[in-house]
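Written below as structure tokens is the structure these notes are about.
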Amino acid sequence: MADVLPLVDTHCHLDLDVFDADRESVLERAAAAGVSRILVPALNRSSALRVIALAEAQPHVFAAVGYHPTEIHETTSADIANLGELATRSKVLAIGEIGLDYFWVKDESERRAQRQALLAHLVLAQRTERPVVLHLREENDAESGSCSQDMLHILEDWTADLRSDNGTLAQRPGVLHSFCGSVDLALRAISLGFCIGVTGPLTFRNAENRTRVVRALPLDRLLVETDAPFLAPVPHRGRRNEPAFVSHIADKIAQIQSRTVREVAITTSANAARLFGWGASV
Ligand SMILES: [Zn+2]
């Protein structure tokens, strides 16, 4: 299979029950498509336990632990700190998926709780030397707004702290996953050391903003991710997504940046290996 691309999927919710009936086949199709590493982020504590069990059973699957911003509810900073014992397991390579979601959460006190939870996760990441997988969604799906502003301020403070701390995270603080913000925000995040995650909507017909972002960014800061089972790329749009489809995203990046898909696959896989420390592609 000489023309199989060396790919990774840096964000896939493989633990969700929509994969229960055929998870093994999904993993086989991923391997056949050249996908040698899959990162599965958690949404809350019980999902973290499922994700870790999956990662410990499957050599090519790795885990992230954390509370998704829409899953914060009654979660306290102590609950988040208590993820520390899970975060240091050998197959757990990141803290995620964490962040800010002002699309589903309109109430100002709940948004404040999201910001506090994000700060607690960043403390955990620093303590366990795990990079962060960040979710960011503006109110009304705008390209920029208060969610981006709040995120940027928090990340500026945190990365300044990382730099004075002399740890390894200053060079690999994390990724802004399924990025749909402005070029300006992407460039600022990159200047702080972050990678930018690219998902299936880049292949959609109305992807002007995401296309602009990919065109403006250096390839050595991009990651490809499916966010499966959501966001299936063309030609699978509207159906269940899976890691094998990540090649369609690499293909679209190659078109936009006038490169070969092989170069995109090799470089984005190396980017992911640097960020998560999971070794070169096999
Ligand atoms: Zn996700």
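We count ligands from 1, going down the list as the structure has it; atoms in each ligand are counted the same way. These numbers come from the heavy atoms of this one structure, side chains and all, not from hydrogens, waters or symmetry mates.
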Pair [X] + [Y]: basic N to acidic O under 4.0 Å:
{"X": "E28", "Y": "R23", "answer": "no"}
{"X": "R115", "Y": "D150", "answer": "yes"}
{"X": "D184", "Y": "R188", "answer": "yes"}
{"X": "E85", "Y": "R45", "answer": "yes"}

If you stand at the Zn ion (ligand 1) and look out to OD1 of D227 and OE1 of E97, what angle do those two lines make, to 10°?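 Vertex at the Zn ion (ligand 1): approximately 170°.
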
Kindly confirm whether the Zn ion (ligand 1) is within less than 2.8 Å of some N/O/S atom in H13?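 So H13 does bind the Zn ion (ligand 1) by this criterion.
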
Within less than 2.8 Å of the Zn ion (ligand 1), any N, O or S from H135? no

